[in-house]
Amino acid sequence: MTVTLAQAINRGIHDAMEADDRVLMFGEDVGKLGGVFRVTDTLQETFGTDRVYDTPLAESGIIGTAIGLAMYGFRPVAEMQFDGFAYPAFEQFTSHLAKMRNRSRGRVKLPVTVRIPFGGGIGAVEHHSESPETYWAHTAGLKVVSPGTVADGYAMTRAAIAADDPVIVLEPKRRYWMKDDLELPVTTEPLHKAVVRRPGTDVTVVAYGPMLKTAMEAADAAEEEGWSLEVVDLRSLSPIDTDTLVASLQRTGRMVVVHEAAQSLGPAAEIAARMQQEAFYHLEAPILRATGYDTPYPPAMLEEFWLPDVDRILDRVEEALDY
Amino acid sequence: MTVTLAQAINRGIHDAMEADDRVLMFGEDVGKLGGVFRVTDTLQETFGTDRVYDTPLAESGIIGTAIGLAMYGFRPVAEMQFDGFAYPAFEQFTSHLAKMRNRSRGRVKLPVTVRIPFGGGIGAVEHHSESPETYWAHTAGLKVVSPGTVADGYAMTRAAIAADDPVIVLEPKRRYWMKDDLELPVTTEPLHKAVVRRPGTDVTVVAYGPMLKTAMEAADAAEEEGWSLEVVDLRSLSPIDTDTLVASLQRTGRMVVVHEAAQSLGPAAEIAARMQQEAFYHLEAPILRATGYDTPYPPAMLEEFWLPDVDRILDRVEEALDY
Amino acid sequence: MGASQPAGDVDPSTLLPPAEPVHLLDPDGTYHEDPDHPVDLDDDQLRMLYRHMVVTRKVDREAINLQRQGQLGVYASLLGQEAAQVGGAFALSEEDWVFPSYREMGAAVTRGVDTGKMLHLFRGTWLSDHDPYEHHFALYSIPIGTQALHAAGFAMGAKFDDNPIVTMAYFGDGATSEGDPHEAMTFAGVFKAPVVFFVQNNQWAISVPLDQQTAAPTLAHKAVGYGMPGHHCDGNDVLATYAVTRKAVDRARSGAGPALIEALTYRMEAHTTSDDPSRYRTRQEEEEAAKTDPIVRYKLFLEKEGLLDADLGEQVEAEAAAEATRMRDEIYEAPHGDPMELFEHVYVDDTGHFERQREVLATELAARDGEVSA
Amino acid sequence: MGASQPAGDVDPSTLLPPAEPVHLLDPDGTYHEDPDHPVDLDDDQLRMLYRHMVVTRKVDREAINLQRQGQLGVYASLLGQEAAQVGGAFALSEEDWVFPSYREMGAAVTRGVDTGKMLHLFRGTWLSDHDPYEHHFALYSIPIGTQALHAAGFAMGAKFDDNPIVTMAYFGDGATSEGDPHEAMTFAGVFKAPVVFFVQNNQWAISVPLDQQTAAPTLAHKAVGYGMPGHHCDGNDVLATYAVTRKAVDRARSGAGPALIEALTYRMEAHTTSDDPSRYRTRQEEEEAAKTDPIVRYKLFLEKEGLLDADLGEQVEAEAAAEATRMRDEIYEAPHGDPMELFEHVYVDDTGHFERQREVLATELAARDGEVSA
Ligand SMILES: Cc1ncc(C[n+]2csc(CCOP(=O)(O)OP(=O)(O)O)c2C)c(N)n1
Ligand SMILES: Cc1ncc(C[n+]2csc(CCOP(=O)(O)OP(=O)(O)O)c2C)c(N)n1
Ligand SMILES: [Mg+2]
Ligand SMILES: [Mg+2]
């Protein structure tokens, strides 16, 4: 069937809740309203207000009670309404959700999934378009993933909920309406694996979440220039699948990493650091970055100048090829 | 005069308060107690409870009211008692302290200094030894610095308070008792500049804050092996002084970056990413990293195995030289 | 110590709200005097309240239109909350400061802020575009409840300075669940900061009704936990709102410390233009609420008192229409932002931050220009 | 809507604390019956309270010694708070859960947790080392107030499951200023979660006295703002603490929702062994506080009631000494941690995270071994 990414995620939560009655889903406006993006549409009707519920307006409360619920034995799926509104919960994320298992020497496990619609490109007001993945990916104890395809929207949601570790699922909100075929059961790579979405020979382009589609478009456009791009869907930001990236870089010798997040200390920095170390003798050019700038996310009318797009990717590709 | 780093910082705050009666200092236990590390000792006696005061136990409250005070016209110096306890204020840091000036098109400036004792090596319990610099350095709108010498303890404190931008000063708590000569007035490089602390020819070692002293010790030890290390004190994590780093790398061809923070998405990743791009043809070896592991900070009895030390730095130096 | 005396020195019962919200105007406009809540306004001021409400209603409607026409990305209407916002803000003096959330067009109108400038945030020309220092009206704060701390800090500053100003933080019923307003009230209580926390209880936080937000008897009952008085008023009654706020503002100015006001009102519109309230509340509820329209009630009062005739009524409508036109023009004529400005305001002193990134963007812009001219 | 009825349906006055803290034992041990707060304990249970307090005092002193001897890096003593902790925890059933802060050795003793294991955190062998599921005693929580949310969430889970258990969150007077306990009480109120928030008001948050922490008349007055009853008791009176807590626990178990208890006590020791209270409070204040020692008072009561004779007194002391010895042995004999364990517990499934870093550490360890054997 053809579904949107939002529908695929909805179906993923639905099927997880159906398969395991210990799965709960909660957050701000996820119940009757079905979430501000309708990702949780009809779930409350189907599973009742004890399993799908609206919380008070308090993000630390959402993550903190998710931890308590997980200690009790539930498998909570919590939503942060937008990327920019997860920050009030930062202490519960970093000091507890990430560290409780380690602190307890493995005795307390927290199978909590946190869904966060993230990224820009929807013309929203401030705080609704951020890419805070660095904050989570740098935090030991969390797993951080982002689906870039409709199938992964379903499969990564299921895998995150099934995982016994806390997983942050960064949902690319500007792709919620992206449509594709979804055949169940979906078989995809494990949660922590990167996937080559399009093989190529000249330059590897690494992207995830909202930028995967942009990278694929760049690869199409590059063809016209006579460049063959290999597109790798990173999928997981913690852990990062170094081996798949290195293998691709060994084939192409050149790599451009794409993300919306601000450049300095963004995920592309980590990938560049790893690649130049692990594939030093294969580098035909430095690892280049096509990312957001080191400024706050811009107002809606300027976001097209801030966000990486096909042109910015191709500029970096060309720069890499020029070495 | 010979003073400790803590005393140099204390003197810096004191002199700033004496020079400008709009400077306020507040936080948890900074008043009568003089701070848990005595960094603010005697300041309340000297300047009174209206200018140096204890707050309720609420970090978001501390940063949020600092913003209000700055809008009113004060120059607040706020303390977060420990690295691991700044997280409750994360939203005020990222959504307001960092972004208010940009949001207001330059009309609202927030000359706020936030002092955070950070890093490990003091045998403390959990949450008291963290290195969260990535969180701040990745956040556009903040400046982030860390003094590695006694003189910089004074000078960077003064410069941070004098700056019209919000500045996070990460104070290397394990070096609070480190002694050195302090001659006033101190003349040091501007806040955003890196400084070569020790020239050398074989490998550049980049460090900051608590690891500067360790890097200097590594350079001494390396001499015995016949290796000449150039030690660069990064000083500023946002911005990063790329030019000084590139210049050093062009001289040595090899670089090891040191920090306590977890490796993935730590500052060394950003430096590696920049160096391999800007000095691509000068690299004799990949940029290597001597850092903490991607795990939560360990219990006191294991911290020696987790923290970078002279040996870990020299291992990386040797590895770089082996290329 | 052990079983010692309580921490504070006030009688807690004086901090509790009255059993019934303060209410001075009946739906038919009849005014009931309440000696505890005098309305110390002259006729011009009473008319001014009306003017502000009507202008607010008009620009609010116009903003909705602008959104429908694609001129704004989104807009958060305050329909139905005019009395709460105007009545509250009218109790402040010019030197006082307002710290709004994102729905405070009525407070902005009352303060004299350029309504057109207030819309740039929603249009996305820039993240905001009025000068907070001009009318002492802080920037809209989108992260819920965070501005309460800025208001508290600002008020602490005024107190340290012996400057007799008061700050007012507007926030919603939903915001009372967040940690920040809690911490703000804690700080304000301890420092006796001259700040008034003004909660517009419009019954909804997007789709979440009040009884799923808190189990508190009323939001005003939270005040006692911070050692400050909690007030409770009919927020659709502009005179009650004014009088209650005025009392709290005067008290704060006198040095007696902060207060919490809960103004009971109703969000008659969707949460924002992106929202669809039919998914979570009934038409019937909305229709009931519409009957308590704050402007209708106040107009009846003015007419009864002989303060408003047809002429004046028309004059106010005309003023409102003119303001709406000015606002519309500002938005239509707003120049597109300059992309290079993205780097301009991040730091006062950006040495070392943007040299290379400025170059990347400049190159991209040049390439676009090339494509356009080519 | 507009001037409508308040949100809750309870009479707010029933949620306010009494004018005076509940108090059942005079300093000389005289017991005053209070029909609202019955003490439903048999003689063995009454003796058990004493036993727990004496053991707590002993292991607490021993922990201070261990710190002085360099066996612990730091320790947070609860001297003077034994009645508050033991009285509170004793009101719980075995199936109930405790969510402690970092000073709850008395609660741990009452629950039967191995006291030696509780010290590993302070020693630094590992970040904690007891099994929370064994005695339903969660890990110590160092970030202030954060555990209140875990307790609330756990209780919500129990409620969803129709499992008649109750959770209890311990936190301090200082913690009431943080956002997390505020959010926890908001959630608990809305979901009627069976959780009791137990504040040990020991008058100090490190160097900050209560009147700089909050302007609230009492901390118990915060409860009404969340629609839950606020209780106030003499925390140095173990029977009052027990009776008040028991009432709140029973009510929560019955489905009527959460409660907040403020137990008035005093931190007789330094904040931790790293602290120097002479910088911020007087010897005189400390000496005054010492006069209200909760164990002395309770011992007098037991003696008056004929429940404690010299034999039994000695037996309890011996038990306490034995427990302290067991604890000391555990610490002395604790093996040093294995550095490679640093990677073991971060994830259940760490595929992809540590392959390379494990190798780095293993190499370093091998080199150290080499140096040692060389
Ligand atoms: C920290 C944070 N979390 C979530 C949101 C998303 N959000 C915007 S408005 C809103 C509801 C606010 O309700 P209330 O405080 O009652 O104010 P109202 O909108 O009714 O005026 C929510 C959840 C936000 N802006 N900030
Ligand atoms: C979030 C956070 N901020 C600061 C600290 C540092 N700190 C540890 S204990 C303490 C005071 C706590 O006072 P209170 O809540 O009264 O508990 P008590 O220590 O008196 O038992 C502070 C500020 C912390 N542990 N966590
Ligand atoms: Mg509302
Ligand atoms: Mg205390």
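Throughout, protein chains are lettered first and strands after them, A, B, ... in sequence-line order, and every chain is numbered starting at 1.
For a residue to count as touching a neighbouring chain, one of its non-hydrogen atoms must lie under 4.5 Å from one of that chain's; by this rule Phe85(A) does not touch chain B. With a 4.5 Å cut-off on non-hydrogen atoms, Tyr323(B) touches chain A through its backbone and its side chain both. Both the backbone and the side chain of Gln277(A) come within contact range of chain B, each with at least one heavy atom under 4.5 Å from a heavy atom of that chain. Only the side chain of Glu130(A) comes within less than 4.5 Å of a heavy atom in chain B; its backbone stays farther off. Using a 4.5 Å cut-off between heavy atoms, Thr139(B) contacts chain A through both its backbone and its side chain. Using a 4.5 Å cut-off between heavy atoms, Ile240(B) does not touch chain A at all. Glu133(B) does not touch chain A: none of its heavy atoms, backbone or side chain, sits under 4.5 Å away. Contacts of Ser60(A) with chain B are absent, with no heavy-atom separation under 4.5 Å from either backbone or side chain.
Annotation: side chain of Thr94(A) is not in contact with side chain of Phe90(B) (no heavy-atom distance under 4.5 Å). Looking at Leu283(A) and Phe280(B), their side chains come closer than 4.5 Å, going by heavy atoms from C-beta outward. Inter-residue side-chain proximity for Lys99(A) and Glu126(B) is flagged as met; some heavy-atom pair is nearer than 4.5 Å. Arg103(B) places none of its side-chain heavy atoms less than 4.5 Å from the side chain of Pro296(A). Looking only at side-chain heavy atoms (C-beta outward), His138(B) and His138(A) stay at 4.5 Å or farther from each other.
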Discussion item. The test is side-chain contact (heavy atoms from CB on, under 4.5 Å); show your working for Arg274(A) and Arg289(B) and say whether it passes.
Written reply: CA-CA 10 Å; Arg274(A) 292 187 187 197; Arg289(B) 298 184 276 181; 3.8 Å; yes
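Interface check for chain A: of the options Ala262(B), Ala273(B), Ser264(B), the most heavy-atom pairs under 4.5 Å are formed by Ser264(B). No other option in Pro239(A), Gly266(A), Gly141(A), Pro299(A) has as many heavy-atom pairs under 4.5 Å with chain B as Gly266(A). Chain A forms the most heavy-atom pairs under 4.5 Å with one residue out of Ala272(B), Ser95(B), Pro132(B), and that residue is Ser95(B). Of the listed residues Ser238(B), Ala285(B), Gly84(B), the one with more heavy-atom pairs under 4.5 angstrom with chain A than any other is Ala285(B). Comparing Ala269(A), Pro286(A), Ala261(A) by how many heavy-atom pairs each has under 4.5 Å with chain B, the most go to Pro286(A). Residue with the most contacts toward chain B among Tyr281(A), Tyr297(A), Tyr293(A): Tyr281(A) (heavy-atom pairs, distance under 4.5 Å).
Remark: the backbone N or O of Leu265(A) is paired with a side-chain donor or acceptor of Glu270(B) at under 3.5 angstrom.
With rounding to the nearest 0.5 Å, the separation of OH in Tyr87(A) from OH in Tyr87(B) is 15.5 Å.
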